[in-house]
Chemist: 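First the structure, then my questions, so here it is.
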Amino acid sequence: MIALIDCNNFYASCERVFNPSLNDKPVVVLSNNDGCVIARSNEAKKIGIEMGIPAFKVQELFRRNNVAVYSANFALYGDMSRRVMSILSGYSPLQEVYSVDECFLDLAETATPKEYGLRMKEHVGRWTGIPISVGIAPTKALAKVANRIAKKYPSQTGGCYVMDTEEKRVKALRWLSVEDVWGIGRRNAVKLQAAGVFKAVDFAEMSESWVRRNMTVTGINLQRELNGIRCIEFVEEEKSKSFSVTRTFEKEYGTWDEIKERVVTFTAMAAAKIRKQQSLCSRIQVFLQTNYFKDTEEVLSRSVEVRLPFSTSSTLEIVDFVVSGLKKIYEKDLHYKRAGVTLYNFTDEKHHQPALFPEMNANPRHKGLMNAIDAINHFSSSGGIRLASQDARMFKMHQEHLSGRYTTDIRDILQVRGE
DNA sequence: TCTGGGGTCCTAGGACCC
DNA sequence: TCTGGGGTCCTAGGACCC
């Protein structure tokens, strides 16, 4: 059997751990720049705050219902995620961390899966304060379904649902709408509904040839999974194949210097990420986008790919290539609202084959410099070392409701006093 | 006034090779 | 009028996920 463990309303729950007075109250977490709602407690969902809705549209709703509003605190959420995953890893030799708040565990032949799942829930709750739901089933896709049932019916299931019979499988698939199946997105849902398929069970029973034709092998695998045949294997923790840093600006920017400063900052962040996993990159993508939402202006998005003549992880070298690409797509007199950098085409630092001539290789002297910068920045919570061309502040973000870095910054550790 | 960010996988079709 | 056949590699773009 396979378990899917999912943290309930993860970001909102993280805020609650460090502020228990929020329990039973509506809590929401906003995206960067306090733009839109990206997490909601159950109470917030109940009063009709939609996922992804722009914050300015629900200010009144916030006020009327006394909603606790938080700016995204990814340092805190990332650390809480590591703690939860670490506890859960003790429950199986095979764990796949699927996202910041979800993981699969291979439970093999656990005799009493229900008790096992409830024990996990109790353990994670007691050690981290984060509530989780557990779904257990023969395949990953069915474990997703089981998890949804556990979450939807907490009092009946105790937060853990085990799909261990054919009757339960069919009942669940009759209950689940096809657009809510893991792996069926908007586009495929429309196609399926047009073909008269509305419930997950209808999809599971469709002809393979239709699925193959319309949804490729991905669809076939998914369909088999829903029928109890394991097709989606556990993927080992591997290195990422690309890293992006993209941001929506807090206002529009137009001048070359402003744009360059920000894009260089994004590049430095992305380069630090690839060094951390000991990769070198040899391709870069840069994009710029004008403001979406002004009807007076057309949306303009331009991107460029830069192929490096060698593989490198040096911020200095990567920045040069990024700026050369940026020059090609930057246009004066436009109002930019978003930009980003993606690094990819990685090779392993250890197994990298250098070119014959030194001038076709990365500058080896940068390595020590980068190591030193990374080491200093690791211990600095106030920006650390940066390039002169970088943004003075790492971000210029609206973060009006930011909570503390309770677990990752010594200055924010909570003090507990006995009275 | 204000609308997130970061990933992966699959495929069609072009380029190129013998 | 007739104009091979098969293979690989690469990439842009679509679709999906949280």
Side-chain angles (χ1 to χ4, degrees), chain A residues 4-11 28-39 50-60 62 69 71-74 77-78 81 96-104 140-141 144 147-148 179-192 211-222 231-233 235-252 266 269-270 273-274 277 282-283 285 287 289-295 299 301 303-305 307 335 337-346 395 397-400:
Chain A
L4 174 72
I5 296 95
D6 190 323
C7 300
N8 302 344
N9 315 322
F10 183 53
Y11 297 165
V28 303
V29 176
L30 305 180
S31 62
N32 283 338
N33 287 320
D34 294 343
C36 54
V37 173
I38 56 171
E50 286 166 57
M51 182 67 171
I53 190 143
F56 72 89
K57 286 191 181 171
V58 278
Q59 285 304 331
E60 182 53 27
F62 288 169
V69 179
S71 305
N73 184 347
F74 293 116
Y77 311 148
S81 169
E96 177 185 335
V97 177
Y98 182 67
S99 75
V100 70
D101 69 337
E102 263 179 69
C103 74
F104 291 102
K140 278 186 170 181
K144 274 273 188 185
N147 184 285
R148 182 178 275 263
E179 67 267 27
D180 293 332
V181 172
W182 179 53
I184 293 182
R186 274 188 117 93
R187 302 302 283 257
N188 282 325
V190 170
K191 266 193 229 170
L192 286 161
V211 176
R212 170 74 243 219
R213 210 167 44 245
N214 292 281
M215 300 172 66
T216 80
V217 293
T218 322
I220 297 276
N221 286 338
L222 182 59
C231 292
I232 307 175
E233 289 312 314
V235 285
E236 305 211 9
E237 180 105 37
E238 351 178 283
K239 294 180 176 180
S240 294
K241 296 173 177 174
S242 70
F243 279 122
S244 317
V245 177
T246 71
R247 289 288 181 280
T248 301
F249 305 142
E250 82 287 3
K251 63 183 187 87
E252 293 168 358
F266 300 163
M269 293 162 72
K273 286 194 201 176
I274 69 169
Q277 70 160 28
S282 64
R283 288 196 199 181
Q285 186 122 22
F287 80 88
Q289 202 175 72
T290 60
N291 205 338
Y292 253 124
F293 304 100
K294 280 199 175 166
D295 29 41
V299 184
S301 184
S303 78
V304 64
E305 184 190 63
R307 298 186 178 207
H335 302 290
K337 186 64 179 166
R338 216 160 87 86
V341 173
T342 305
L343 309 183
Y344 57 105
N345 235 39
F346 294 160
F395 307 100
M397 276 201 292
H398 290 302
Q399 291 187 310
E400 279 187 47

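In what follows, chains are A, B, ... by sequence order, proteins preceding strands, each numbered from 1. Any value given below was found using the heavy atoms of this structure, including those in side chains, with hydrogens, waters and symmetry copies removed. Note that this is a predicted model, so its numbers are computed, not measured.
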Chemist: Between C:dC17 atom P and A:Leu222 atom CG, what is the distance in whole Å?
Modeler: 9 Å
Chemist: What's the closest nucleotide to the A:Thr248 side chain, out of C:dC17, B:dG7, B:dG4?
Modeler: B:dG4
Chemist: Within this structure, what is the CG-to-P distance between A:Asp101 and B:dG5, rounded to whole angstrom?
Modeler: 19 Å
Chemist: With a 4.0 Å cut-off on heavy atoms, is A:Tyr98 in touch with a base, just the backbone sugar-phosphate, or nothing at all?
Modeler: sugar-phosphate
Chemist: When you check every protein heavy atom under 4.0 Å of nucleotides 9-15 of chain B, what one-letter string (B, S, -) results, 5' to 3'?
Modeler: SSS----
Chemist: When you get a sec, tell me which of C:dC16, C:dC18, B:dG5 is the closest nucleotide to the side chain of A:Arg187?
Modeler: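 So the nucleotide nearest the side chain must be C:dC16.
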Chemist: Return the CD to CG distance between A:Glu102 and A:Leu4, rounded to the nearest 0.5 Å.
Modeler: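 Spacing of CD (A:Glu102) from CG (A:Leu4) equals 5.0 Å.
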Chemist: Taking the side chain as every heavy atom from C-beta outward, state whether A:Asn32 and A:Phe74 have any atom pair closer than 4.5 Å.
Modeler: yes
Chemist: Give the stems involving DNA chain C, where a stem is 3 or more consecutive Watson-Crick or G-U wobble pairs (i with j, i+1 with j-1, and so on) under 3.5 Å.
Modeler: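 Ordered by first number, the stems with DNA chain C (at least 3 consecutive pairs each) read B:5-18 with C:5-18.
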Chemist: Please check if the side chain of A:Ser31 supplies one atom and the backbone of A:Ile38 the other of a donor-acceptor pair under 3.5 Å.
Modeler: no
Chemist: In terms of side-chain heavy atoms of A:Ser99, which of C:dC18, B:dT3, B:dG5 is nearest?
Modeler: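 So the nucleotide nearest the side chain must be C:dC18.
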Chemist: Looking only at the side chain of A:Ser242 (C-beta and beyond, no hydrogens), which of the listed nucleotides C:dC18, C:dC16, B:dT8 gets closest?
Modeler: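 Of all the options, the side chain of A:Ser242 is nearest to B:dT8.
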Chemist: Quick check for you: among B:dG4, C:dC16, B:dG6, whose closest atom lies nearest to any side-chain atom of A:Arg247?
Modeler: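 Within the option list, the nearest is B:dG6.
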Chemist: With C1' as the reference atom in both, quote the distance from B:dC17 to C:dG4 in angstrom, rounded to an integer.
Modeler: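 Nearest-Å result for B:dC17 against C:dG4 at atom C1': 14 Å.
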Chemist: Taking any heavy-atom pair under 4.0 Å as a contact, classify A:Gln59: base, sugar-phosphate, or nothing.
Modeler: nothing
Chemist: Using the side-chain heavy atoms of A:Ser244, tell me which of these nucleotides is nearest: B:dG6, B:dT3, C:dC17.
Modeler: B:dG6
Chemist: May I ask you to decide if the ring planes of A:Trp182 and A:Phe104 are parallel, tilted or perpendicular, using 30° and 60° as cut-offs?
Modeler: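 Rings of A:Trp182 and A:Phe104: tilted, as their planes differ by 30° to 60°.
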Chemist: Rounding to a whole Å, what distance do you find between A:Tyr11:OH and B:dG4:C1'?
Modeler: 10 Å
Chemist: For the residue pair A:Tyr77 and A:Tyr11, categorise the inter-ring angle as parallel (less than 30°), tilted (30 to 60°) or perpendicular (more than 60°).
Modeler: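 Judged by the thresholds at 30° and 60°, the geometry between A:Tyr77 and A:Tyr11 is parallel.
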Chemist: Out of A:Lys241, A:Arg283, A:Glu305, which residue meets the side-chain hydrogen bond (donor to acceptor under 3.5 Å, both in side chains) rule with A:Tyr344?
Modeler: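 Output: one option passes, namely A:Glu305.
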Chemist: Contact class for A:Val97 vs. all strands (heavy atom < 4.0 Å): base, sugar-phosphate, or nothing?
Modeler: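 Since no nucleic acid heavy atom lies under 4.0 Å of A:Val97, the category is nothing.
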Chemist: Could you tell me if the side chain of A:Val341 sits less than 4.5 Å from the side chain of A:Val245, heavy atoms only?
Modeler: no
Chemist: Can you tell me which nucleotide in C:dC17, B:dG4, C:dC16 comes closest to the side chain of A:Ile38?
Modeler: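 Side chain of A:Ile38 sits closest to B:dG4.
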Chemist: In whole angstroms, how far is the C1' atom of B:dG5 from the CD atom of A:Gln399?
Modeler: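 A:Gln399 atom CD is separated from B:dG5 atom C1' by 14 Å.
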Chemist: Whole Å only: how far is the CZ atom of A:Phe249 from the P atom of B:dG4?
Modeler: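 Nearest whole value for this atom pair: 13 Å.
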Chemist: Could you please name the option among B:dG4, B:dT8, C:dC16 that lies closest to any side-chain atom of A:Ser240?
Modeler: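 Nearest listed nucleotide: B:dT8.
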Chemist: Identify which nucleotide among B:dC2, C:dC16, C:dC18 has an atom closest to any side-chain atom of A:Arg186, counting heavy atoms from C-beta outward.
Modeler: C:dC16
Chemist: By nearest heavy atom, map A:Thr246 and A:Gly35 onto DNA chain B; which one lands nearer the 5' end?
Modeler: A:Gly35
Chemist: Does A:Glu400 reach the main-chain N or O of A:Asp34 with its side chain, forming a donor-acceptor pair under 3.5 Å?
Modeler: no
